[in-house]
Amino acid sequence: MRSPGEWIRAAVRAVPPYTPGEQPADGRRVVKLNTNENPYPPSPAVLRALHDAVDERVRLYPDPEAAALRADAARLYGVPTDAIMAGNGSDELLALLLRALVDPGDRVAFPVPTYSLYATLVALHGATSVELPWRPDWSLPDGIASAGAKVTFLCNPNSPSGTFVPIDRIVELAERVAGVLVVDEAYVDFAPANAIALLGRHRNLVVLRTLSKSYALAGLRVGLAFGDPELLRGLRTVKDSYNLNRLSQAAARAALADQETFRSTVERICRTRARLTAALRAMRYVVPDSHANFVLARRTGVDQGRVARALAARDILVRHFMAYGLADALRITVGTDDEIDALLAALGSIGV
Ligand SMILES: Cc1ncc(COP(=O)(O)O)c(C=O)c1O
């Protein structure tokens, strides 16, 4: 059996390199298309709410239950307040789910390639990842429902592919898995449908959302878990008391309240995504239809590490993965139109 030190070393190897979000001080302008942040600012109401929240009240702990934020989210999504839990980013909620549900040796299943944090967290808990390759058309792998897993993760839309599993397939999966099904909808606001409406009917379903992507709040770390109230009560018992700070709670409420900014930003990103996809396909990349704020561009059998490094030398950052046979692919976040023009021009001059 692995020692805790070995689990940690195994997990740490899976953590992607961090690249700072701020522009360098020397005046260079870095085009950051590697971590799926929103290229547009959050609602102006968010900045006002932050400003208003900065006063002597910062000496007080925040509401441990984030009750006001959860009540706002409950109204917006049409679910009961006790079916929502707020977290310090959806990453915290993923960690809490494993902390609450998984013991060493338990099985945790997910299709691969997918969000790398799942395998990292599973390793940290001494559990076993059951990694099932997506089918060539990015539909659910055979055997995912019968993997004997305590927890099954489905990232939908999936990262890094941007592909989308239809909701009726998720219903089947929720009915067939023995344990808890966690549908990670970090990117679902860029997709045609979502799984929130399934919640009342499937008590083993947890849906995760983040305000990092579509609401442009990655720096404030706000995630929401939707699920059975009893399961969420269990999750709350293993969280830090004050897991979401008061500024983030205020900002998240303002972000959710401004649906107009949210919608227009999402539409803008989806328009740019269509243009980026078409341009990459014209360059002979294979690009699955993306339902997220990034695309996966592949030149079958042609290593893209060279291209990623050449782009980085031009201060354009994209993501290149070595694992899961993805060395011939780049994951590119949908930036502003100007950023995507710069990327396409650079790809043209590098030669892909
Ligand atoms: C699939 C997926 N889930 C969750 C997260 C984490 O989001 P958050 O910023 O809310 O922790 C990410 C971030 O990139 C992601 O890609």
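Indexing begins at 1, ligand by ligand and atom by atom, following the structure's order. As the structure is a computational prediction, the values presented were derived from the model and not from experiment.
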> With a 4.0 Å cut-off, would you call Glu230 and Arg203 a salt bridge?
yes
> Quick test of your reading of the model: are Asp341 and Arg275 salt-bridged, counting only N-O distances below 4.0 Å?
yes
> Can Glu260 and Arg263 be counted as an ion pair, charged N to O under 4.0 angstrom?
no
> Does a side-chain N-to-carboxylate-O contact under 4.0 Å join Asp72 and Arg75?
yes
> Return a table of N or O atom pairs, ligand 1 on one side and protein on the other, at distances under 3.5 Å, rounded to 0.1 Å.
residue: ligand 1; atom: 3 (N); partner: Asp184; partner atom: OD1; Å: 3.3
residue: ligand 1; atom: 3 (N); partner: Asp184; partner atom: OD2; Å: 2.7
residue: ligand 1; atom: 7 (O); partner: Ser90; partner atom: OG; Å: 3.1
residue: ligand 1; atom: 9 (O); partner: Ser212; partner atom: OG; Å: 2.6
residue: ligand 1; atom: 9 (O); partner: Arg221; partner atom: NH1; Å: 2.7
residue: ligand 1; atom: 10 (O); partner: Ser90; partner atom: N; Å: 2.7
residue: ligand 1; atom: 10 (O); partner: Ser90; partner atom: OG; Å: 2.9
residue: ligand 1; atom: 10 (O); partner: Thr210; partner atom: OG1; Å: 2.5
residue: ligand 1; atom: 10 (O); partner: Ser212; partner atom: OG; Å: 3.4
residue: ligand 1; atom: 11 (O); partner: Ser90; partner atom: N; Å: 3.2
residue: ligand 1; atom: 11 (O); partner: Asp91; partner atom: N; Å: 3.0
residue: ligand 1; atom: 11 (O); partner: Arg221; partner atom: NH2; Å: 2.7
residue: ligand 1; atom: 14 (O); partner: Tyr187; partner atom: OH; Å: 3.4
residue: ligand 1; atom: 14 (O); partner: Lys213; partner atom: NZ; Å: 2.8
residue: ligand 1; atom: 16 (O); partner: Tyr187; partner atom: OH; Å: 2.6

> Just grab all the side chain to side chain donor-acceptor pair (under 3.5 Å) pairs involving residues 170-181, residues at least two apart or on different chains.
Arg169-Glu172
> Give me the atom names and distance for the closest heavy-atom approach of His291 to Arg273.
C-NH1, 3.2 Å
